[in-house]
Engineer: 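Pasting a structure below so you can have a look.
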There are 2 protein chains.
Amino acid sequence: MANALTIGRVADAAGCKAQTIRYYEQIGLLPAPPRSEGNQRLYDDAAIQRLSFIRHARQLGFPLQAIRDLISLSDRPEQTCEAADAIARQQLADVDRRIRRLQALRHELERMIEQCKGGRIADCLVIETLGDHGLCDVDDHGDAEKTNRNAQRPPKSLGRW
Amino acid sequence: MANALTIGRVADAAGCKAQTIRYYEQIGLLPAPPRSEGNQRLYDDAAIQRLSFIRHARQLGFPLQAIRDLISLSDRPEQTCEAADAIARQQLADVDRRIRRLQALRHELERMIEQCKGGRIADCLVIETLGDHGLCDVDDHGDAEKTNRNAQRPPKSLGRW
DNA sequence: GATACAAGCTACAGTAACTGTTGGTTCAAG
DNA sequence: CTTGAACCAACAGTTACTGTAGCTTGTATC
């Protein structure tokens, strides 16, 4: 069937920008489609499906490399899906880690804000708390937000730098 | 007092890399410190404190721009801390949004994995689910992971692209 | 057929917040 | 005096795109 779609339609269908589609093509995540006489890309339904797959996986937080792996897996449909399962499990573990960490952050932020009674900057606990890692309940190890730390305890007040 | 520290010590104290400190200096987040005769940066305790502030705020997920704002606030200690409070509240709202979203992701990932009973790729639900946004409970609006979407419902099976 | 405007094209720069690399200098220890 | 670690500047690379510039193509209207 010759229902050939231009890039904009496909972008709308998959919920991304035309630029993004070209980008995926450029990095080899999408195959280069045929072109019209005027050199415009023409897509079919299979392309939309593959793009939707990619977008959906991205929304689930899979990095492009993992998506690449999943795609290459799905090109060998007779194998067991152990590997796909492993990728998904990894992603789940990652999401779990991020949730736990964000909850710790949330906690500290809330405490910070609660204590701030709208005084002057000089006594602002938001600012003071940020200078003082010792009171912090954030525990970070190997996170998506790649942090590392090792804080000393500074004197209580920040004052002027 | 002349307890002058080289960049490596400061990096250890604040839990970051020397590179990062130079980067912060470069973008104006840290003032350029004096140098030794051999052109090496020499820091004092105030610098460590400021750096700790920055690192801690970063661990809490504040973007550098927000940190910049907080620093410039703290340079005017006689104002009210309304603005600092607002920044923190914003950050909290952001963290909340991210947590909610990650929990939705977690949910879908878990379902995906649970359903995958180790068959062949051809029937793998991990892969199939990713191709099918219609089953998805992920709802995304204005997120840190800047996604947008608008999916159509593709036919049930992916098969070959 | 002329014109206007949207949508497409390529190529490149920019984003955040760093990290890594290269190739050279300085410092402290032995 | 010689290692070797720590420092220096400058720049490239990372991730996953997004934005811009300057052009061409496609479509709708007059």
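Here the structure is a predicted model, which means the values were calculated and not measured. Proteins get letters first, then strands, A, B, ... in listed order; numbering begins at 1 in each.
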Engineer: Please report, rounded to the nearest Å, how far the C1' atom of C/dT10 is from the CD atom of A/Q19.
Structural biologist: 10 Å
Engineer: Below 4.0 angstrom from OP1 or OP2 of C/dA16, is there any side-chain N or O of B/R58?
Structural biologist: no
Engineer: Determine whether A/R9 and A/I48 make a side-chain contact, defined as any pair of heavy atoms from C-beta on separated by less than 4.5 Å.
Structural biologist: no
Engineer: Using atom CD of B/Q26 as one end and atom P of D/dC11 as the other, report the distance to the nearest whole Å.
Structural biologist: 11 Å
Engineer: Report yes or no: is there a donor-acceptor pair, N or O only, under 3.5 Å between the side chain of A/Q65 and the base of D/dT15?
Structural biologist: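 Under the 3.5 Å cut-off, the side chain and the base do not form any donor-acceptor pair.
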Engineer: OP1, OP2 of C/dC18 versus side-chain N and O of B/R55: anything below 4.0 Å?
Structural biologist: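 Looking at the OP1 and OP2 atoms of C/dC18, one of them is under 4.0 Å from a side-chain N or O of B/R55.
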Engineer: Taking for each residue the nucleotide of DNA chain C with the nearest heavy atom, is it B/P63 or B/G38 whose nucleotide lies nearer the 5' end?
Structural biologist: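 Between the two, 5'-proximity favours B/P63.
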Engineer: Taking only side-chain N and O atoms of B/R41, does any of them lie within less than 4.0 angstrom of OP1 or OP2 on D/dC8?
Structural biologist: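 Looking at the OP1 and OP2 atoms of D/dC8, one of them is under 4.0 Å from a side-chain N or O of B/R41.
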Engineer: Tell me the interatomic distance from A/L64, atom CG, to D/dG13, atom P, rounded to whole angstroms.
Structural biologist: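 Interatomic distance, CG of A/L64 to P of D/dG13: 19 Å.
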Engineer: Is the shortest heavy-atom distance from the side chain of A/L64 to the side chain of A/I67 under 4.5 Å?
Structural biologist: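 A/L64 reaches A/I67 side chain to side chain.
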Engineer: Can you find a side chain N or O atom of A/T20 that sits less than 4.0 Å from OP1 or OP2 on D/dT18?
Structural biologist: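 It does, given that an N or O in the side chain of A/T20 lies less than 4.0 Å from OP1 or OP2 of D/dT18.
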Engineer: Measure CZ/A/R9 against C1'/C/dA6 and give the value in whole Å, please.
Structural biologist: 11 Å
Engineer: With distance as the sole criterion, is a donor-acceptor pair present between the side chains of A/R50 and A/Y24 under 3.5 Å?
Structural biologist: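 No.
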Engineer: Under 4.0 Å between a side-chain N or O of B/Y23 and OP1 or OP2 of C/dA16?
Structural biologist: no
Engineer: Between D/dA16, D/dT18, C/dG8, which nucleotide has the shortest distance from any of its atoms to the side chain of A/R22?
Structural biologist: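 Out of D/dA16, D/dT18, C/dG8, the nucleotide with an atom closest to A/R22's side chain is C/dG8.
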Engineer: Over how many whole Å does the gap from B/K17 atom NZ to C/dT21 atom C1' extend?
Structural biologist: 13 Å
Engineer: Return the value, rounded to whole Å, for the distance between atom CD of B/E37 and atom C1' of C/dC27.
Structural biologist: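 About 13 Å, once rounded to whole Å.
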Engineer: If I compare all heavy atoms of A/P63 with all of A/R58, which pair ends up nearest, and what's the gap?
Structural biologist: CA-NH1, 3.9 Å
Engineer: Let me know the distance between CG of A/L42 and C1' of D/dG26, rounded to the nearest Å.
Structural biologist: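 My rounded result for the distance is 12 Å.
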Engineer: Round to a whole Å and report the spacing from CG of A/N39 to P of C/dA11.
Structural biologist: 10 Å
Engineer: May I ask you to evaluate whether A/R35 reaches the phosphate of C/dT10, defined as a side-chain N or O under 4.0 Å from OP1 or OP2?
Structural biologist: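 For C/dT10, OP1 or OP2 has a side-chain N or O of A/R35 closer than 4.0 Å.
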Engineer: Would you say a side-chain N or O of B/T6 is under 4.0 Å from OP1 or OP2 of D/dC7?
Structural biologist: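 Yes, B/T6 has a side-chain N/O under 4.0 Å of OP1/OP2 on D/dC7.
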Engineer: Look at the side chain of A/Q40 and the base of D/dG26, then say whether one donor and one acceptor between them are separated by less than 3.5 Å.
Structural biologist: no
Engineer: Taking only side-chain nitrogens and oxygens of A/Y24, does any of them come within less than 4.0 Å of OP1 or OP2 of D/dC17?
Structural biologist: yes
Engineer: Between B/A11 and B/A18, what is the shortest heavy-atom contact and its length?
Structural biologist: CB-N, 3.7 Å
